[in-house]
Amino acid sequence: MSEPIRSEATKKLYIETVGCQMNVLDSEMVVASLRKKGYDLTQDPAQADAILFNTCSVREHAEEKAYNNLHHLKQLKLANPNKVIGVMGCMAQKDQNSIFQRVPFVDLVVGPGQLHRIPEMIELAEQGEKQQIAVSLDRKGGAVDEIKRSHETFDPLRDPEMRPTPFQAYLRIQIGCDKFCTYCIVPMTRGPEQGRSPDQIVEEAKILAAQGAKEITLLGQTVNSYKYVEGDRTTRLADLLQRIHPIEGLERIKFVTNYPKDMTRELLETVRDLPKCSPYLHVPAQSGSDNILKRMKRGYTTADYYEMMDRINEIIPNPSVSSDFIVGFCGETIDEFQMTVDLVKRCRFKNSFIFQYSVRPGTKGAELYADDIPQEEKHRRNLELLGVQNQISLEDNMRFLGETVEVLVEGPSKWSVRKNETGDLRQLTGRTICDRIVHWAGNMRQVGELLPIRITDVSAFSLLGEVETTESQCEPDLVQLSTST
Ligand code: SAH
Ligand code: SF4
Ligand code: F3S
């Protein structure tokens with residue numbers, strides 16, 4: 001007996017996303033392309049006709065988790081062999097065919113540069129085609145232009161419903177990375193660095209604003225290295241910001257992630273002069289030791305980094321700088337680790353993301369250096385550095401006590417979700433223009449608005465407050481910072 005014909009509209013997609021903002025954006029685009037084919041989202045893999053895992057390879061742990069989660073799908077696949085299971089993203093690009101060996105019931109393996117092929121591949125899988133693979137060329141797999149093309153993305157296809165919130169959107173301005181830091185897999189999974197055309201970017205920003213985006217975050221692995229050459233015209237990030245800034249409806253513009261060497265005076269002055277530009281700058285330092293930085297091949301010294309911090313502090317009023325660090329990189333001595341602690345103390349970051357070194361096969365680091373710091377020691381250094389950073393974050397946040405900040409309201413806070421709060425009045429969360437998280441008791445109708453919040457309490461991670469009712473006391477940026485901390 002033949003199966004009943006299902007209406008296209010009844011198809012369900014389950015998608016799980018890990019990794020960086022690039023992956024969040026990629027998932028948004030894949031969902032948009034599948035909606036066009038009649039798919040709707042489900043939160044339940046058992047109900048799904050197609051299951052997609054958007055994966056990350058930056059640390060081993062993320063990959064192990066992805067493989068574990070994939071193995072858990074075995075019973076579902078056995079119960080319904082027609083369910084299409086796909087692995088997309090950086091792990092798909094890195095592990096390629098070996099994914100089929102490790103998890104034989106996977107139907108699709110799709111690298112981040114080939115995501116536009118997913119709808120067609122799912123259709124073929126439904127017709128019985130097993131183990132399909134679409135990946136980009138390796139870094140040495142052809143002529144440079146050919147490699148670049150194989151990593152291009154299909155960005156203009158967007159789905160507002162898939163955004164972190166409907167009024168906050170990511171916009172990719174740069175694909176790939178050419179920095180080749182010795183610990184990092186990203187240049188292999190995302191391919192060569194290429195700036196997208198400024199005209200396309202501006203067009204997309206207009207579409208996003210028309211769809212209701214009030215905040216746009218420009219994305220690139222080294223976003224401030226953005227460069228696009230057309231004839232004799234070179235466009236850089238500062239020029240892009242100038243072009244995006246006047247777009248109606250946009251209130252805030254952010255950009256991540258920055259590379260210390262490319263934090264130019266011109267860019268910083270542009271950020272200072274354009275009121276919608278956030279003074280939040282994420283500029284990973286990775287280590288405070290010149291020897292380690294050299295072996296990481298980061299291309300700068302701590303002196304360069306300190307010089308950059310001085311430049312930021314000189315040009316931008318109330319800047320908000322955050323960083324990433326890797327602890328326990330190959331051969332990192334206690335003294336070298338201490339230099340990282342010193343750098344954090346001296347730079348006083350808003351916050352830092354601290355990672356324990358994870359050796360990545362296929363990188364120069366894996367080839368050249370032994371991963372010789374014991375796991376417990378990496379963990380200890382992680383905790384120590386986190387302790388130092390948290391104390392700084394707390395002291396830094398204390399300056400906000402009694403001040404009024406402008407917050408873009410994102411929605412109910414995690415606390416509210418945990419407590420199962422319903423109705424109009426809830427614990428809400430949002431962010432200041434300098435990227436600080438704020439919580440207060442508010443009304444769900446405030447979601448998506450810019451609201452003045454008076455800060456009454458702080459922790460290392462967030463500010464707590466209440467809605468300020470006298471509107472005249474609100475400043476778009478925090479300009480009335482108290483000096484007594
Ligand atoms: N393009 C960004 C970072 C991308 S990866 C940049 O250059 O700043 C995000 C962070 O993961 C990095 O900043 C680094 O701190 C961390 N990371 C990258 N590879 C890692 C590895 N092999 N082990 C541990 N952490 C790593
Ligand atoms: Fe990785 Fe370095 Fe490129 Fe960042 S700049 S993505 S850390 S290689
Ligand atoms: Fe991970 Fe790929 Fe992003 S490796 S951090 S998802 S670019």
Side-chain angles (χ1 to χ4, degrees), residues 2-19 22-55 66 69-70 73 76-77 79-93 96 99-100 103 105-136 149-164 166 169-172 175 200 203-204 207-208 210-213:
S2 63
E3 285 220 341
I5 298 167
R6 305 182 65 182
S7 125
E8 284 261 283
T10 62
K11 285 194 179 164
K12 294 267 181 271
L13 167 71
Y14 174 85
I15 185 162
E16 211 171 283
T17 308
V18 296
M22 289 283 179
N23 267 12
V24 175
L25 176 55
D26 287 342
S27 289
E28 180 184 322
M29 296 184 313
V30 169
V31 170
S33 67
L34 286 171
R35 270 200 213 278
K36 285 186 155 184
K37 297 276 171 196
Y39 277 86
D40 236 337
L41 287 174
T42 173
Q43 304 297 322
D44 179 7
Q47 299 292 321
D49 300 276
I51 298 178
L52 294 174
F53 279 6
N54 195 359
T55 56
N69 291 346
L70 279 171
L73 297 178
L76 284 182
K77 181 74 173 172
N80 179 4
N82 291 334
K83 213 183 267 289
V84 178
I85 296 179
V87 179
M88 53 184 267
C90 289
M91 196 178 87
Q93 181 64 35
Q96 305 196 355
I99 294 179
F100 296 130
V103 195
F105 57 82
V106 164
D107 299 296
L108 319 174
V109 168
V110 191
Q114 299 289 316
L115 301 178
H116 55 282
R117 293 180 57 186
I118 285 185
E120 157 214 334
M121 290 171 80
I122 290 184
E123 241 168 66
L124 288 173
E126 283 166 347
Q127 291 159 22
E129 199 158 318
K130 303 248 171 289
Q131 303 199 334
Q132 300 170 62
I133 180 162
V135 287
S136 304
R149 264 200 310 281
S150 79
H151 281 277
E152 271 173 11
T153 51
F154 61 151
D155 287 67
L157 195 55
R158 307 296 302 256
D159 185 341
E161 283 182 46
M162 273 302 286
R163 299 200 181 128
Y170 293 130
L171 203 179
R172 181 169 9 234
I175 299 165
Q200 263 182 36
E203 222 21 66
E204 207 176 319
I207 294 171
L208 292 172
Q211 288 173 347

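Side chains included, hydrogens not; waters and symmetry mates left out as well; all remaining heavy atoms used.
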S150 versus Q114, closest heavy-atom pair with distance: O-NE2, 3.0 Å
Option from I15, L13, V30 for which side chain to side chain contact (heavy atoms under 4.5 Å, CB included) with Y39 holds: L13
Gap between atom CG of L108 and atom CD1 of I133 - 0.5 Å precision: 10.5 Å
CD1-OG1 distance between I99 and T55, expressed to the nearest 0.5 angstrom: 6.5 Å
Side chain proximity check, L52 to I118, heavy atoms < 4.5 angstrom: yes
Distance in Å, I85 CD1 paired with F53 CZ, rounded so as to fall on 0.5 Å steps: 8.0 Å
Q43, CD: over 12 other non-hydrogen atoms inside 6.0 angstrom: no
Contact summary for E129 and Q132, nearest pair of heavy atoms: O-NE2, 3.4 Å
E126 and K11 ion-paired at < 4.0 Å: yes
Polar side chain donor-acceptor pair, S27 to N54, under 3.5 angstrom: yes
Contact check, side chains of Y170 and V24, non-hydrogen atoms, under 4.5 Å: yes
Which atom of G89 lies closest to which atom of P112, heavy atoms considered: O-CD, 3.3 Å
Basic-acidic side-chain contact under 4.0 Å: R35, D40: yes
Salt-bridge criterion met for K77 and D107 (N-O under 4.0 Å): yes
Q47/K83 under side-chain contact (heavy atoms from CB on, under 4.5 Å): CA gap, chis, key distance, verdict: CA-CA 9 Å; Q47 299 292 321; K83 213 183 267 289; over 6 Å; no
Lys/Arg-Asp/Glu bridge criterion (N-O < 4.0 Å) met for D44, K12: no
Spacing of CD belonging to E152 relative to OG belonging to S136, to within rounding of 0.5 Å: 10.0 Å
Contact summary for A50 and I122, nearest pair of heavy atoms: CB-CD1, 4.1 Å
P45 side chain near L76 side chain, heavy-atom distance below 4.5 Å: yes
Nearest-0.5 Å distance that lies between atom CG in N23 and atom CD in E16: 12.0 Å
Approximate separation, where rounding is to 0.5 Å, of Q211 CD and E204 CD: 9.0 Å
Donor-acceptor contact below 3.5 Å, side chain Q96 vs main chain V135: no
Closest contact, heavy atoms only, L70 versus F105: O-CZ, 3.2 Å
Q93 (side chain) donor-acceptor with C90 (main chain) under 3.5 angstrom: no
Taking every non-hydrogen atom, the tightest pair across V87 and A92: O-CB, 3.5 Å
